[in-house]
Amino acid sequence: MIKFEKFTLINGLRVIVHKDVSTPIVAMNILYDVGARDEDPEKTGFAHLFEHLMFGGSENIPKYDVPLERAGGENNAFTSNDVTNYYLTLPKQNLETAFWLESDRMNQLAFSEKSLEVQRNVVSEEFRQTHLNQPYGDVWLLMRPLAYQVHPYSWPTIGKKIEHITDATMDDVKAFYKKNYNPNNAILVVAGDIELTDIKKLAEKWFGPIENQGEKNRQIPVEPIQTESRFLEVEGDVPVDAIYKCWHMCSRNDEAYHATDLLSDLLGNGKSSRLYYELITNRKLFSEIQAFIMGSMDKGLFVVSGKPANGVNLNEAEEAINVEIDKIRNLLIDEKELQKVKNKVESTLEFSEMNVLDKAMNLAFAELSGDAGNVNTEATKYQAVSSKRILETAAEVLRPENCSTLFYKAKNK
């Protein structure tokens, strides 16, 4: 169990404090409730661009990394369709340096044409390297708009197209910052050998004076229920054919989430999973196959992806997948099989609480999902899922008409 204290500043910043006396290292995690789903459809990739811009200098700190490294710290960040998350670790005696750094870039980034140009180039090059010039790199540029017709999950975190980044103006960037990088749109977690009273003083000193520059009024269109299967076939410069199948599923906060997550593990997580054992070990139809979910804040996707073995065409591969899907949709699974998967999940959850940084992140995401206390109930929720619930979830999610399929064919095959 992760014990914590929580308080909120007048400006809306939520602060969570976890005391861990076992380490001299303190972790700070600041999660902004802004991701790719909050972007203008004609100006995408901005949340990811800001992941980079936030390291480009603020009002009083020209280079973020320099004072942090002098204080013995390390940092990083990531962006998703739902959030932007910044995190750092440093010795506890230098904790105030972290408050100074994070508050300064929340209060006022040093917007300069030079910084914007540098980061535009960095992100544009990343777009090319990861999505345009890499085998299968454009899969989610293809799959997302196939699966989503109206919801902004229809584009990946990197953005719809590279021009949205290269054409980003200073006014565009400033407006996005003003709207989203505010105290009332952030969750700050501090974990380590610390005292609540000290964190309250530091939070008030460094974050308390920051005013909210814009009120968030999130109006995201709801994706209509998919009533017909969708299909796309493309050909690319890839080594082998690949197949991707996506079904719409519930949101991260839905009561069916844990059953859906277990369902994906039963199908395609590890060598003992059904798809791996039947289609690779037994029938040798695939060289690799997996199933996973996107634990999105809005309704996400349940994904099966794989690469057929030599001599197996994509139609045969899809039929083999569909056979296994039909089995799990129509036949009650054995309790022992389900318990094995539950135990793996519980083990993963326990490992995710091994260090202060992981615990800080877990608390931030739990708070965003509704309550930081939920971090301590996840294992119980997974263990409560029955075989009958798995059957009901499979029947509901894995319907043929709810599926979007991509055949990615290798050229000259």
Side-chain angles (χ1 to χ4, degrees), residues 31-54 76-86 119-168 172-173 176 180 218 220-223 226 230-234 236-238 242-249 251-252 264 290-307 365 368 403-408:
L31 184 153
Y32 288 94
D33 186 12
V34 54
R37 65 174 174 163
D38 296 295
E39 296 163 349
D40 182 326
E42 300 306 316
K43 297 174 182 178
T44 64
F46 273 52
H48 179 245
L49 176 62
F50 259 92
E51 177 195 323
H52 292 260
L53 282 171
M54 291 283 271
N76 215 325
F78 60 85
T79 316
S80 74
N81 286 77
D82 295 314
V83 302
T84 309
N85 195 63
Y86 300 87
Q119 299 308 330
R120 270 195 304 237
N121 290 338
V122 169
V123 174
S124 297
E125 184 59 26
E126 183 180 341
F127 197 119
R128 293 186 188 95
Q129 291 296 323
T130 61
H131 287 68
L132 302 182
N133 299 333
Q134 181 173 296
Y136 315 104
D138 60 347
V139 162
W140 295 106
L141 289 169
L142 299 166
M143 277 302 303
R144 284 186 172 274
L146 183 65
Y148 289 101
Q149 306 290 291
V150 302
H151 193 284
Y153 285 162
S154 62
W155 59 84
T157 306
I158 198 80
K160 278 185 185 179
K161 52 186 181 179
I162 203 167
E163 289 79 13
H164 285 182
I165 298 303
T166 57
D167 295 345
D172 292 335
V173 167
F176 194 81
N180 294 295
R218 182 179 273 144
I220 295 176
V222 176
E223 184 68 23
Q226 185 171 330
R230 298 169 189 157
F231 177 77
L232 177 65
E233 182 176 307
V234 297
D237 189 12
V238 294
I243 181 171
Y244 300 83
K245 294 180 74 67
C246 297
W247 295 261
H248 291 279
M249 59 167 280
S251 69
R252 180 65 181 83
S264 72
Q290 61 180 331
F292 59 92
I293 64 169
M294 295 183 178
S296 308
M297 297 303 294
D298 293 333
K299 291 185 177 182
L301 293 176
F302 185 112
V303 183
V304 171
S305 65
K307 296 180 174 66
F365 278 87
L368 181 68
C403 185
S404 298
T405 303
L406 171 67
F407 281 6
Y408 205 125

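- Contacts of F231 classified as ring-ring contact (aromatic ring centres under 6.0 Å, His included), with partners at least two apart in sequence or in another chain: F407.
- Within the 4.5 Å cutoff, side-chain heavy atoms of L31 are placed close to those of F365.
- Partners of E223 under the side chain to side chain donor-acceptor pair (under 3.5 Å) rule, at least two apart in sequence or in another chain, do not exist in this structure.
- Remark: S251 engages N253, D254 in a side chain to side chain contact (heavy atoms under 4.5 Å, CB included) (not counting sequence neighbours).
- Minimum heavy-atom separation, T130 to E126: OG1-O, 2.7 Å.
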Test side-chain contact (heavy atoms from CB on, under 4.5 Å) applied to Y244 and L146, step by step = CA-CA 11 Å; Y244 300 83; L146 183 65; over 6 Å; no

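- Taking CD1 of I165 as the start and CG of L49 as the end, the distance is 5.0 Å to the nearest 0.5 Å.
- What you find for I220 and D38 is that their closest heavy atoms are CD1-OD1, 4.5 Å.
- Note that the CZ atom of R230 and the CE atom of M143 stand 10.0 Å from one another [nearest 0.5 Å].
- A distance of 5.0 Å separates OG1 of T44 from NE2 of H164, quoted to the nearest 0.5 Å.
- Partners of E163 by salt bridge (Lys or Arg N to Asp or Glu O under 4.0 Å), not counting sequence neighbours: none found.
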Please tabulate, one pair per line, all N/O donor-acceptor pairs under 3.5 Å involving side-chain atoms of residues 293-302, not counting sequence neighbours.
unit_1	atom_1	unit_2	atom_2	d
S296	OG	M294	O	3.4
D298	OD1	R37	NH1	3.2
D298	OD2	R37	NH1	3.0
D298	OD2	H151	NE2	2.9

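- Taking the side chain to side chain donor-acceptor pair (under 3.5 Å) definition, one finds that D172 meets it with K43, T169, sequence neighbours left out.
- Ion pair D82/R252 not flagged as a salt bridge, since none of the NZ, NE, NH1 or NH2 atoms sits closer than 4.0 Å to an Asp/Glu carboxylate oxygen.
- Take E51 and apply the side chain to side chain contact (heavy atoms under 4.5 Å, CB included) test, not counting sequence neighbours, and it matches H48, A77, T79, T84, Y86.
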Please test K307 against Y136 for side-chain contact (heavy atoms from CB on, under 4.5 Å), starting from the C-alpha separation and ending with a verdict.
-> CA-CA 11 Å; K307 296 180 174 66; Y136 315 104; 3.5 Å; yes

Dump the intermediate steps for side-chain contact (heavy atoms from CB on, under 4.5 Å) on F78 and T157, then the final yes or no.
-> CA-CA 10 Å; F78 60 85; T157 306; over 6 Å; no

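- In terms of the ring-ring contact (aromatic ring centres under 6.0 Å, His included) criterion, residue partners of F176 (sequence neighbours excluded) are, by chain and number, F46, F50.
- Taking all atoms of both residues into account, the shortest heavy-atom contact from P156 to A36 is O-CB, 4.2 Å.
- Remark: P221 engages V150, P152 in a side chain to side chain contact (heavy atoms under 4.5 Å, CB included) (not counting sequence neighbours).
- Minimum interatomic distance between W140 and P145 (heavy atoms only, all atoms of both residues): O-CD, 3.9 Å.
- Note on ring orientation: taking the six-membered ring where Trp is involved, the planes of Y148 and Y153 are perpendicular (angle over 60°, cut-offs 30° and 60°).
- The minimum heavy-atom distance linking V303 with C246 is given by the pair CG2-SG, 3.9 Å.
- Going from atom CG of D167 over to atom NZ of K161 covers 8.5 Å, rounded to the nearest 0.5 Å.
- Annotation: side chain to side chain contact (heavy atoms under 4.5 Å, CB included) contacts of D138 (sequence neighbours excluded): L141, L142, Y408.
- Every residue two or more places apart in sequence or in another chain that forms a side chain to side chain donor-acceptor pair (under 3.5 Å) with K245 is listed here: E318, T405.
- In this structure, P41 and W155 approach most closely via the heavy-atom pair CA-CH2, 3.7 Å.
- Residue S154 holds its OG atom at 8.5 Å from CD of Q149, rounded to the nearest 0.5 Å.
- Residue N81 holds its CG atom at 8.0 Å from CD of E39, rounded to the nearest 0.5 Å.
- For H131, there are no side chain to side chain donor-acceptor pair (under 3.5 Å) partners at least two apart in sequence or on another chain.
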